[in-house]
Protein chains: 2
Amino acid sequence: MTVSTSDEYRKLITPGSCVACHSHLCQLLPADRRDAAQGLLELNRGSRLEAVEGGGFPRLWNIVRGVAAITTLLADGRRQVIGLHYPGDTVWAPEPVGGTIAWLEAQTDCWICQIDTSAASHAASANEALQARLFTLVQRQLEEQAARIVTLGRLDGYERLCLYLGELASRIGRPMGREILISLPMSRADIGDYLGLNAETVSRILARIRKDGLVKFVSPTQMIIPDLARLEKAVPIATPGQRQAARLRNTATSGGARLATNGPARAGGAS
Amino acid sequence: MTVSTSDEYRKLITPGSCVACHSHLCQLLPADRRDAAQGLLELNRGSRLEAVEGGGFPRLWNIVRGVAAITTLLADGRRQVIGLHYPGDTVWAPEPVGGTIAWLEAQTDCWICQIDTSAASHAASANEALQARLFTLVQRQLEEQAARIVTLGRLDGYERLCLYLGELASRIGRPMGREILISLPMSRADIGDYLGLNAETVSRILARIRKDGLVKFVSPTQMIIPDLARLEKAVPIATPGQRQAARLRNTATSGGARLATNGPARAGGAS
DNA sequence: CGGGTAATTGAGCACTCTCAAGGACGGTGG
DNA sequence: CCACCGTCCTTGAGAGTGCTCAATTACCCG
């Protein structure tokens, strides 16, 4: 993990006019604690960020740039990516619990703004805007995790990968006319860790999805999605777009929370 | 869903001296909203409780008695149990999102205390104790869901069931000397929906666990765990030492933290 | 142009699913 | 009390999906 002090940031995070992110969550902290409570970190690909004990109040990670995974390990070395987060996301940092630990791991070079609300809590418990924002944020993260539980519990590999590609397309895809260009931020093995598969299976299923014409390969890490709707139709669930629209409807009333959101959605599958 | 008004409750929930639960979360609500914000519900086995829009503030379900599952029903009738909750648990009620709805479903007869913090939020945002309590509660739920993601993503059926039995033992098991007696609150099919398996597989694996001596059957829904420690040893939960070792293995290859091998064979799953 | 990592592909196997047939259990009515 | 019935549980056979192991092939970077 690298703490950067480059000029590029200094400009971004000028106190009082930080433009690093769109959430401006830090602005809701009490003015005298704003500096202590935030810090923009630069993480190189593969480096990690572990939450420390927050004393009961949340530590938040705001993904300013890049893609970062919340990851954990089993005793035997098996690995699972619990969540995958994109620019604009704010993550409730997982605290160490009973021998198990999860950390944030940069999948690409990242800028992460760390916000420690414990610094704010005592002075700002009356801060209703902050509280509302935190609730919205937590609600979203609970939903995303619930969706991932369904994905891992009930979707097969093909569906999981279609979901993943759709997620990438809507979060970091670059529209090119009617098509969408995506750069995969993770290796096959990492994708496998995210989707509960292994690297070879990911590779094989990707080949199958390509053969079905749902995606075109530019290189192993760059692909083009000719028709997002068709890709999403391969997954018998609400699409990220639909969910986002629904959430905008939902949150429109409550305190102007307007983070672009998504996350894998609901699943079909067997039973 | 049944709203009970039986005498048995009336005694329990006498305002100001409610002893229905141990959380006493409702006591943290402002006094004038306490009645509006809570209500003790009786759910018969199989009945449901749906959250409604909370305006950005959480609706909480406090499990006083019984076992309840947060469940989603897919368009084709298949189910996924997202979470399973026991007496003493407080659940952040899932709000309807994008056409997908999750609800609480009583696995056994339940008493549920519903707490609506939106009633409290405006008057009591300064209530630091309540806020701290909510954070703790959310933190725990996020952790539980993260653990379930790992379970579904990386544990095989045998491990998932051992975990489930251990969970039951520690939450609703009755100690009998050195052994623990548990009454399964769910059918094989429901357990399958919880663990991402199907009913037949659950039955088969249960038979295998029995043959391995980790559990003794009293009846199909009552079992005895002779040695909880031995059961838990079947699940690779990371101890600090093991985690350290695994991390060293994991980081040894490169800064990218790659992993040579993945989880156990897990197949099927859907379609 | 080498060295190393990442990705692909193949063969064989393990785990879980589907479909199907009995068996155990509890409730009901005769 | 017992036959009947529905539900849940068990067990079997066969098929499907994904994993392991292993060998290439492609790609990146110096």
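Letters A, B, ... are given to chains in the order of the sequence lines, protein chains preceding strands, and every chain is numbered from 1.
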Next item on the list: Would you tell me if any nitrogen or oxygen in the side chain of B:Arg188 comes within less than 4.0 Å of OP1 or OP2 on D:dC9?
Entry: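 Affirmative; the distance criterion is met.
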Any N/O pairs under 3.5 Å between the protein and nucleotides 11-13 of chain D? List them or say none.
unit_1 : atom_1 : unit_2   : atom_2 : d
D:dG12 : N7     : B:Arg204 : NH1    : 2.8
D:dG12 : O6     : B:Arg204 : NH2    : 3.3

Output the rounded distance in Å from [atom1] ([X]) to [atom2] ([N]).
| X | N | atom1 | atom2 | value |
| --- | --- | --- | --- | --- |
| A:Arg154 | D:dG18 | CZ | C1' | 17 Å |
| A:Asn198 | C:dT9 | CG | P | 15 Å |
| A:Ile191 | D:dG18 | CD1 | P | 15 Å |
| A:Asp156 | C:dT18 | CG | C1' | 15 Å |
| A:Lys211 | C:dT8 | NZ | P | 14 Å |
| A:Leu197 | C:dC15 | CG | C1' | 14 Å |
| A:Met186 | C:dA7 | CE | C1' | 16 Å |
| A:Arg78 | D:dG18 | CZ | P | 18 Å |

task: Name all residues meeting the ring pair (Phe, Tyr, Trp, His ring centres under 6.0 Å) criterion together with A:Tyr158; count only those two or more places apart in sequence or in a different chain, and write none if there are none.
output: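 Per chain and number, A:Tyr158 pairs via ring pair (Phe, Tyr, Trp, His ring centres under 6.0 Å) with no residue.
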Using side-chain contact (heavy atoms from CB on, under 4.5 Å) as the criterion, list what pairs up with [X], not counting sequence neighbours.
| X | result |
| --- | --- |
| B:Glu144 | B:His85, B:Arg140 |
| B:Thr151 | B:Leu155, B:Arg160, B:Leu163 |
| B:Thr201 | B:Leu197, B:Asn198, B:Ile205 |

#### Entry: Contact nearer the 5' end of DNA chain D, comparing A:Arg208 with B:Val202
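Looking at DNA chain D, the more 5' nearest nucleotide goes with B:Val202.
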Notebook entry, point to check: Do any pairs count as a salt bridge (charged side-chain N to carboxylate O under 4.0 Å, His left out) and have a residue in residues 204-222 of chain B, sequence neighbours left out, and if so which ones?
Noted result: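 Every pair satisfying salt bridge (charged side-chain N to carboxylate O under 4.0 Å, His left out) with a residue in residues 204-222 of chain B: B:Glu179-B:Lys216.
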The single option from A:Ile70, A:Leu73, A:Leu49 passing side-chain contact (heavy atoms from CB on, under 4.5 Å) against A:Trp103: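 For A:Trp103, the side-chain contact (heavy atoms from CB on, under 4.5 Å) test succeeds with only one of A:Ile70, A:Leu73, A:Leu49, which is A:Leu73.
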Which residue pairs pass the side chain to side chain donor-acceptor pair (under 3.5 Å) test with at least one member in residues 167-176 of chain B, sequence neighbours excluded?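 Passing the test, one end in residues 167-176 of chain B: B:Tyr86-B:Glu167, B:Asp89-B:Arg171, B:Glu167-B:Tyr194, B:Arg174-B:Ser183.
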Listed partners of B:Ser187 passing side-chain hydrogen bond (donor to acceptor under 3.5 Å, both in side chains), at least two apart:
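In terms of side-chain hydrogen bond (donor to acceptor under 3.5 Å, both in side chains), with neighbours along the sequence ignored, B:Ser187 is linked to B:Asp190.
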Margin query: So does A:Pro220 get a backbone contact from the side chain of A:Arg188, meaning a donor-acceptor N/O pair under 3.5 Å?
Written below: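 Yes.
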Original post:
Could you give the angle between the helix axes at the two ends of the helix from C:dC1-D:dG30 to C:dG30-D:dC1, with five pairs per end, rounded to 10 degrees?
Top reply: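 The two end axes of the helix from C:dC1-D:dG30 to C:dG30-D:dC1 meet at 40°.
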